[in-house]
**Q** 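Take a look at the following structure, please.
One-based numbering, in listed order, for ligands and for the atoms of each.
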Amino acid sequence: MIPNSAEIRSWLQANTPEVLRDPKHPDRGALAWGGSRRPFHDPDVERWFREVTARGWAVPDWPVEHGGAGLDAAATADVRAELAAVGAGGLLMNFGTLMISPLITKFGTEEQCRLHLPRMAMGNVAWCLGFSEPDRGSDLAGLQCRAVKDGDDYIVTGAKVWNSHTDRADYMELLVRTDPDAPKHKGISVLMVDLRSPGISISPIELISGRSEFCYTTFDEVRVPVDNRLGEENEGWRLVQVGLRHEREAVVAMAMTDQGFTGRKRRSLIELAQTAGPDAVPADVMADIARLEIENLAFAATKRRARQAAESGQDCVHPSVLKYVGAQLTQRRRDLEMGLRGAGGVGWEGEGYDEEELRSTREWLRAFGLSIEGGTSEIQLNIIAKRVLALPTN
Ligand SMILES: Cc1cc2nc3c(=O)[nH]c(=O)nc-3n(C[C@H](O)[C@H](O)[C@H](O)COP(=O)(O)OP(=O)(O)OC[C@H]3O[C@@H](n4cnc5c(N)ncnc54)[C@H](O)[C@@H]3O)c2cc1C
């Protein structure tokens, strides 16, 4: 029997380890990403994670046979709110559940669904995306990583770059060229690659934030079973379109959340301005805050409208519009927040800064990537010009 939200709440309140409320808890990565390469440090947290995922609460709206709880949209929102309330709002919100599972569900065989979806839902396997190449980022359709059929396998050779969290992932959704003679959009296929296959080399790249979120991944004659192809051979571009749509929506959804993974609301810009004192914030900055808050409200209403339309099978807002506007609004918010914090806004480490200040510095730096990942803002504007506004190309 499906539990109601009161039962879910009382179970979570009674069973969630208190340490999960600590945003610096070392098991946060394992909770968000899962997978075999992020072991838990705390047995209580791991036990809780196994029980919650076994109940299907990490992906409440997935069918039970795929590892979900089979709940409708309203009940799913309730479960997510209850998880956030106990400090686990980002439970398994990752590439696998948000971006790759929709493709497997739509294009995968029954066997592929049975194999991959429950392992994602239980957090046993973590996924990453292998799209961009050293000379092919925006021009994704020009990708050169080759896959040549040899019996029951493809032999894959090439390189991918900016692959987030690949060093901690088990599987990659990899875009490869299977027909070099076809027009560029027509010769692409999608493979699901076990990252432990011989011939794969993964090198982390260090970032401005001091973290190493990205990897450079090379494939040297890597054998991938033909059975691991998702969708038809050379039809990968169609899957890419669907996948990018989910990626763009997920990027915006994750960036715009005011609660983040900890489920703890941070102070609004207005609260920060009030803390600074009545005359400390210049009038033009207050006007910028007001403008941003109004645009955020309009954007939230637009996202709600888009979600409602999508639930009834209609398109009303192109995901490129959401991605472009969401990235802009988040970057403006981070800039304003940094300015309002003064010297505290550039805190990096040490006793002189509180936890919120340290987080704010890292989030400010992280926000630069929002207008690049999942397709740059310029590319979103090109798409909007062509597909939404139908502007002439010359
Ligand atoms: C945080 C983050 C996470 C990422 N995660 C992943 C991942 O997991 N997997 C993965 O494969 N990739 C990932 N990427 C890579 C990302 O998809 C690429 O960086 C992006 O597509 C841009 O490609 P590029 O870096 O090669 O830039 P380029 O394509 O070289 O673009 C350089 C500049 O030229 C502009 N430009 C290029 N073409 C046009 C055009 N036709 N019209 C107008 N302007 C243009 C761009 O907007 C950009 O400003 C990630 C990137 C970031 C920042």
**Q** Return a yes/no value for Thr376: is any of its N or O atoms, backbone included, closer than 3.5 angstrom to an N or O of ligand 1?
**A** yes

**Q** Please answer whether the main-chain N or O of Phe131 pairs with a side-chain N or O of Lys160 as donor and acceptor at a distance below 3.5 Å.
**A** yes

**Q** For ligand 1, indicate whether the residue Ile372 contacts it via side chain, backbone, both or neither (heavy-atom separation under 4.0 Å).
**A** both

**Q** For Arg168, check side-chain hydrogen bond (donor to acceptor under 3.5 Å, both in side chains) against everything at least two apart and list the hits.
**A**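 Per chain and number, Arg168 pairs via side-chain hydrogen bond (donor to acceptor under 3.5 Å, both in side chains) with no residue.
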
**Q** Would you mind listing which atoms of ligand 1 come within a distance below 4.0 Å of any non-hydrogen atom of Arg366?
**A**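 So the atoms of ligand 1 that pass are 1 (C).
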
**Q** Under 4.0 Å from any heavy atom of Leu129, which atoms of ligand 1 are there?
**A**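 Atoms satisfying the 4.0 Å criterion: 7 (C), 8 (O), 9 (N), 10 (C), 11 (O).
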
**Q** Measuring centre to centre across the rings, with the benzene-like ring taken for any Trp, is Tyr171 within less than 6.0 Å of Trp127?
**A**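 Yes, close enough.
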
**Q** When you measure from atom 32 (C) of ligand 1 to the protein, is at least one non-hydrogen atom found at a distance under 4.0 Å?
**A**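 False for atom 32 (C) of ligand 1.
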
**Q** Could you find the nearest protein heavy atom to atom 52 (C) of ligand 1 and give me its residue, atom name and distance?
**A**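 Checked against all protein heavy atoms, atom 52 (C) of ligand 1 sits closest to Glu373 CB, 3.4 Å.
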
**Q** Protein heavy atoms: any of them under 4.0 Å from atom 17 (O) of ligand 1?
**A**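 Answer yes: something from the protein, a heavy atom, is under 4.0 Å.
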
**Q** Has the side chain of Arg334 got a donor or acceptor atom that lies under 3.5 Å from a matching backbone atom of Leu336?
**A** no

**Q** Using the side-chain contact (heavy atoms from CB on, under 4.5 Å) rule, pick out the option among Asp227, Val226, Val222 that qualifies with Val224.
**A** Val222

**Q** Looking only at distances, can you tell me whether any N or O atom of Phe131, backbone or side chain, sits closer than 3.5 Å to an N or O atom of ligand 1?
**A**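 Yes, at least one N or O pair falls under 3.5 Å.
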
**Q** Going by heavy atoms, is His165 under 4.0 Å from ligand 1?
**A**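 Contact absent.
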
**Q** Counting each atom of ligand 1 from 1 as listed, which ones have a heavy atom of Gly369 under 4.0 Å away?
**A** 53 (C)

**Q** Looking at Arg341 and Glu356, is any side-chain nitrogen of the basic one under 4.0 Å from a carboxylate oxygen of the acidic one?
**A**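 Answer for the salt bridge query: yes.
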
**Q** Measuring to protein heavy atoms, does anything land under 4.0 Å from atom 35 (C) of ligand 1?
**A**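 Under 4.0 Å from atom 35 (C) of ligand 1, zero protein heavy atoms found.
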
**Q** Kindly give the heavy-atom pair with the smallest separation between Met122 and Phe49, and that separation in Å.
**A** O-CE2, 3.6 Å

**Q** Is the side chain of Lys323 donor-acceptor paired with the backbone N or O of Ser371 at a distance under 3.5 Å, no angle test?
**A**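 Checked: no pair found.
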
**Q** Heavy-atom distances under 4.0 Å are what count here, so tell me which part of Asn382 touches ligand 1: side chain, backbone, both or neither.
**A** side chain

**Q** Just go through Phe214, Phe368, Trp162 and tell me whose heavy atom is the nearest to atom 25 (O) of ligand 1.
**A**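 That would be Trp162.
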
**Q** What protein heavy atom sits nearest atom 26 (O) of ligand 1, and how far away is it?
**A**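 The protein heavy atom lying closest is Gly137 CA, 3.2 Å.
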
**Q** Does the separation of the ring centres of Phe95 and Trp33 fall below 6.0 angstrom?
**A**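 So the answer is yes for these two rings.
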
**Q** Could you walk me through whether His116 and Val125 pass the side-chain contact (heavy atoms from CB on, under 4.5 Å) test, one step at a time?
**A** CA-CA 8 Å; His116 293 295; Val125 169; over 6 Å; no

**Q** Nearest non-hydrogen contact with atom 11 (O) of ligand 1 belongs to which option: Ser132, Ser138, Gly130?
**A** Ser132

**Q** Between Lys184 and Asp139 (salt bridge meaning N to carboxylate O under 4.0 Å), is one present in this structure?
**A** yes

**Q** Closer than 4.0 Å to some heavy atom of Asn163 - which atoms of ligand 1 meet that?
**A**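 Near Asn163, the atoms of ligand 1 are 7 (C), 8 (O), 9 (N), 10 (C), 11 (O).
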
**Q** Tell me, please, whether Trp57 has Arg80 positioned over its six-membered ring: NZ or CZ under 6.0 Å from the ring centre and within 45 degrees of its axis?
**A** no

**Q** If you measure every N/O of Ser164 against every N/O of ligand 1, is any gap under 3.5 Å?
**A**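 Looking only at distances, the answer is yes, because the N/O contact criterion of under 3.5 Å is met.
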
**Q** Below a 4.0 angstrom heavy-atom separation, can you tell me which part of Ile379, side chain or backbone, both or neither, approaches ligand 1?
**A** side chain

**Q** Please check whether Glu378 reaches ligand 1 - meaning an N/O of the residue sits under 3.5 Å from an N/O of the ligand, judged on distance alone.
**A** yes

